[in-house]
Amino acid sequence: GEPWSAEQRKNFVRGTTFYRGEAREVYCAAAGFTKEFIESGSLRELLHACANLSIDTAPTTPPHNASHAAAEKARAEQKKTVRRMLWLFWCWNSRAGAKA
């Protein structure tokens, strides 16, 4: 999807505070933010979602001289961390790591 405007980000994040449980799932799903997306999205898609949700994801870029295996491991770790951050937001609207 397209990057959200600051107003869209603010409205969505504010809207999540009104819902819990199934209602929250429905609200998030309306924007394409589903359990399935969090579990199966590519790293690029997940980082895009974090940007739309104003979740700060400190990038972990392996050194340019890193081996292919080391670079893959770093990307896998970053993907795991990003998924965890999205789960926290999806479940509880945790603002830990969110930009002000």
Applying side-chain contact (heavy atoms from CB on, under 4.5 Å), can you list everything that pairs with Ser5, at least two apart in sequence or on another chain?
Glu7, Gln8
Output all residues satisfying side chain to side chain donor-acceptor pair (under 3.5 Å) with Arg83, sequence neighbours left out; order by chain, then residue number.
none
Full working for side chain to side chain contact (heavy atoms under 4.5 Å, CB included) between Arg75 and Glu72:
CA-CA 5 Å; Arg75 280 189 288 278; Glu72 284 298 314; 2.5 Å; yes
Side chain to side chain donor-acceptor pair (under 3.5 Å) with Glu22: which residues, sequence neighbours excluded?
none
Could you check whether any side-chain heavy atom of Leu86 comes within less than 4.5 Å of a side-chain heavy atom of Leu53, counting everything from C-beta outward?
yes
Determine whether Arg84 and Thr81 make a side-chain contact, defined as any pair of heavy atoms from C-beta on separated by less than 4.5 Å.
yes
Could you give me the CA-CA distance, side-chain angles and deciding distance for Leu47 and Arg44, then say whether side chain to side chain contact (heavy atoms under 4.5 Å, CB included) is met?
CA-CA 5 Å; Leu47 290 171; Arg44 184 175 185 203; 5.9 Å; no
Start with the C-alpha distance between Thr16 and Trp90, add both sets of side-chain angles, then the distance that settles side chain to side chain contact (heavy atoms under 4.5 Å, CB included), and finish with yes or no.
CA-CA 9 Å; Thr16 62; Trp90 192 84; over 6 Å; no
Heavy-atom closest pair (Gly32 atom, Phe37 atom, distance to 0.1 Å) is O-CB, 3.7 Å
According to side-chain contact (heavy atoms from CB on, under 4.5 Å), who are the partners of Lys73, at least two apart in sequence or on a separate chain?
none
Can you see which heavy atom on Met85 is nearest to which on Ile55, and at what distance?
CE-CG2, 3.4 Å
Would you name the heavy atoms of Thr57 and Cys50 that are closest together and state the gap between them?
CG2-SG, 3.6 Å
Considering all heavy atoms of both residues, which atom of Gly41 and which atom of Leu46 are nearest to each other, and what is their separation?
O-CD1, 3.6 Å
According to side chain to side chain donor-acceptor pair (under 3.5 Å), who are the partners of Glu45, at least two apart in sequence or on a separate chain?
Ser42
Hey, is the main chain of Trp4 close enough, under 3.5 Å, to the side chain of Arg9 for a donor-acceptor pair?
yes
Is there a chain of hydrophobic side chains (I, L, V, M, F, W, Y, each step under 4.5 Å between heavy atoms) that links Phe18 to Val13?
yes
If the condition is ring pair (Phe, Tyr, Trp, His ring centres under 6.0 Å), which residues does Tyr27 pass it with, not counting sequence neighbours?
Phe12, Tyr19
Could you please spell out the steps behind the side chain to side chain contact (heavy atoms under 4.5 Å, CB included) verdict for Lys35 and Trp87?
CA-CA 8 Å; Lys35 292 177 184 180; Trp87 273 120; 3.6 Å; yes
Can you see which heavy atom on Thr17 is nearest to which on Arg24, and at what distance?
N-NH1, 4.4 Å
